[in-house]
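Chain identifiers are assigned alphabetically (A, B, ...) following the order of the sequence lines, protein sequences preceding nucleic acid strands; residue numbering begins at 1 within each chain. Computed over heavy atoms, backbone and side chain alike; hydrogens, waters and symmetry mates excluded.
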Amino acid sequence: MFISSQNSEPSFKGFTLVMPAVAVGNVGQLAVDLIVSTLNMSRVGHIHTDCLIPMAGNNPYATCKEDAEELHTPAEVYTAAELKLAVLQIRAPIVQTKSKKFRQLLVSWIKASGFSRTVVLSSSHAYQRDDQQLQGTPLRYLVTPSLLKVSADALKELGWREMERVSAFPGLTDANTEPRLYIPGGGITKGLYTDSCTEDLSLAVLLLFCSEGDNIPDAFTLVNHLNDWLQLLDNHSPEPNKWKIPPSWNLLFGSGIPPALF
Amino acid sequence: MATFFGEVLSVYSRAVEEEEEDVDEENEEDEEIRRELEQKREVVLHWSPEVSEALRSGNKLQCSDFILAVGHNAASFLSAYVLSSANWDAVGHASVWNERSRAVTGQHSEESACVFHRRKDNPSVLICQVTCYLAEDQLFQWTEKVFECLQHRELNVMVLSDGSVADYKTADYLCSSSAPFLRSLHTGAFSDRPVCQPLEQPNIITGLPAAVLNHCQVHRVAAVVYQCYSDVIGPDSVTMETYKLALTRLGRSIQLDPF
């Protein structure tokens, strides 16, 4: 459940919530790291639950020695009040048997907090794309009926591609199998989306087809894509790389190389 | 995914396991098996009659200091430097079963894997040594169940934890002479000074020390973890001695006999 880290309960009414799904390449989580780091968001609370594997570390967004020793937990909420933006960062895998429980926890927290809309950043295995999906942009979106009512025009203007329904058994032309939503490697993305449709939540999913590897470029692609819609950054700066990489991204692929190796 | 040799391999993701189809389609028998398995994996605390009596009707133990040792070296350090004086009573143990538990050959092995000791002349000091493996779904449960028994006001928690230097990431390659060493992590409520450097980015801790820190951070309890990074996997006296630094703080709060 949500526990405030400050002395009062924060208000999320009317805020936009951006959250990642723990999915292939951790792209959603990396993208959220960029948002929190660049917008210098402040932490307002933790989601304390038995559904995530425990981990702890010092401040991943530290800018100076003074704030470096702040403890951080697997699921935390940050806000940028001036943008009416809240961000949930999830840093640990979901315990395998608790996936459904975690989705329910999220849905009820989103409902109770009064977010005006939720955006889930996610990814899906690139190798599982069918012939149709192999062409064009690797970015896709999904939107629940409640959010579609409000954002249909904005989405149309952006020219985004909706996630296709695919046949359950590719290659078989059996008329009985209807095309269905399939997000392999997306973790709880599909479940969260269908739950949100049922619960009438305003929720959008932004996902990227990718593979495991160095997913930093994928994170940039996804966060820029999100920015096209939500306009989180000031667009007047001409530099392409306006996002700030947090110090926790150091040594993503291990320690320095021992000189004796050569 | 297809390889250049024409085979099709399944791709492994570091982030997600392949999702099972929705559990709703389980039949009654599967549900029964799942429930039984869950029950078997439950963490159960066994307290001495005295402590059980004190905990009756939702009361909590008065506790000013809770010291937890996770791992063989941390546990052995406490046994050698703290518990060796005759001032401690064994007051309980936790039974934890998971897939890594070997078949229990007698009560002894089950009881020694997670033991609680309390100081005789100052019963508000509690020590726990954990040498068994706790699965990822048991960590939160263990933490909640133990802390449920302790009153949180003015509680100080210290965790000594074994780690491997192979898990420690640093830009300058560590030559083996620098291990073993300590790094610290503490909650916002911890106002003392740690005895060693803080754990640098991008390092994190996992397992029981992390579960305890999460609980303490969220419930505003003062807690510190001293993670010892060693290049020796098994019990090792040099590694154990590294925890001596923490004794300076321990000594103050639990009135250790000087030696």
Side-chain angles (χ1 to χ4, degrees), chain A residues 3 5 21-27 29 46 48-60 62 68-74 91-100 123 125 127-128 184-188 190-191 211-212 246-252 254-261, chain B residues 1-2 10-20 22-24 34 37-38 135-141 143-144 166 168-175 183-188 190 194 198-220 223 225:
Chain A
I3 298 184
S5 58
V22 179
V24 58
N26 304 103
V27 180
Q29 296 160 286
H46 311 265
H48 189 58
T49 167
D50 60 341
C51 300
L52 296 174
I53 297 177
M55 56 72 69
N58 280 325
N59 190 357
E69 269 179 71
E70 200 181 65
L71 190 77
H72 286 247
T73 62
R91 300 197 172 92
I94 301 167
V95 172
Q96 269 202 299
T97 47
K98 304 222 159 104
S99 163
K100 187 163 183 194
S123 51
H125 280 305
Y127 80 97
Q128 290 241 15
I188 59 168
K190 178 180 160 191
S211 307
E212 290 284 349
S248 57
W249 284 22
N250 289 340
L251 306 175
L252 272 178
S255 291
I257 302 169
L261 198 62
Chain B
M1 116 148 160
S10 59
V11 172
Y12 163 71
S13 162
R14 68 182 178 240
V16 280
E17 302 279 340
E18 267 321 305
E19 221 171 274
E20 308 162 5
D22 251 319
V23 183
D24 295 334
R34 190 182 281 272
L37 204 56
E38 248 181 58
E136 57 194 37
D137 58 324
Q138 296 172 316
L139 297 168
F140 191 93
Q141 211 197 117
T143 309
E144 292 286 298
Y168 182 74
K169 291 198 202 162
T170 172
D172 314 310
Y173 179 71
L174 282 179
C175 47
R183 286 291 185 269
S184 68
L185 272 171
H186 60 87
T187 59
F190 180 78
L199 186 62
E200 308 92 333
Q201 285 298 323
N203 294 291
I204 58 167
I205 60 165
T206 56
L208 193 56
V212 169
L213 269 186
N214 286 346
H215 177 96
C216 292
Q217 175 71 12
V218 156
H219 291 102
R220 313 211 186 183
V225 165

Work out which heavy atom in A:G25 is nearest to a heavy atom in B:S13; give both atom names and the distance. N-OG, 4.4 Å
Against chain B, label A:I257 side chain, backbone, both or neither, depending on which of its atoms sit under 4.5 Å from a heavy atom there. backbone
Toward chain A, the part of B:F190 with a non-hydrogen atom under 4.5 Å: neither
Got a second to check how far A:N250's CG is from B:E200's CD, nearest 0.5 Å? 11.5 Å
Between chain A and each of B:T206, B:L213, B:V212, B:V218, count heavy-atom pairs under 4.5 Å; write down the option with the most. B:V218
Interface moiety of A:E70 toward chain B, non-hydrogen atoms closer than 4.5 Å: neither
Answer key: most heavy-atom pairs under 4.5 Å with chain B among A:I3, A:V22, A:L251 is A:L251
Among A:P60, A:P93, A:G254, the residue with the most heavy-atom pairs under 4.5 Å to chain B is A:P60
Side-chain donor-acceptor contact under 3.5 Å, B:Q201 with A:S248: no
Contact check, side chains of B:E144 and A:D50, non-hydrogen atoms, under 4.5 Å: no
Minimum heavy-atom separation for A:A23 and B:V16, please, with both atom names. CA-CG1, 3.8 Å
Nearest atoms (heavy-atom pairs only) where B:D137 meets A:V95: CB-CG1, 3.9 Å
Option in A:A260, A:S123, A:S211, A:A56 with maximal non-hydrogen atom pairs under 4.5 Å from chain B: A:A56
Top contributor to chain A interface from B:N203, B:L208, B:L199, B:V225 [non-hydrogen pairs under 4.5 Å]: B:L199
Closest non-hydrogen atom pair between A:N58 and B:S184, with its separation: ND2-O, 4.1 Å
Leading residue by heavy atom contact count with chain B [cutoff under 4.5 Å; candidates A:S255, A:G57, A:S5]: A:S255
Run A:H48 and B:Q217 through side-chain contact (heavy atoms from CB on, under 4.5 Å) and show every step you take. CA-CA 10 Å; A:H48 189 58; B:Q217 175 71 12; over 6 Å; no
Could you tell me which of A:E212, A:Q29, A:M55 has the largest number of non-hydrogen atom pairs under 4.5 Å with chain B? A:E212
Given a strict heavy-atom distance threshold of 4.5 Å, which part of A:T73 is in contact with chain B: side chain, backbone, both, or neither? both
Side chain, backbone, both or neither: which part of B:H186 has a heavy atom under 4.5 Å from chain A? both
NZ-CG distance between B:K169 and A:L252, expressed to the nearest 0.5 angstrom: 6.5 Å
When the 4.5 angstrom heavy-atom criterion is applied to A:T49 and chain B, the contacting part is backbone
If I take atom CD1 from residue B:I204 and atom NE2 from residue A:H72, how far apart are they, to the nearest 0.5 angstrom? 13.5 Å
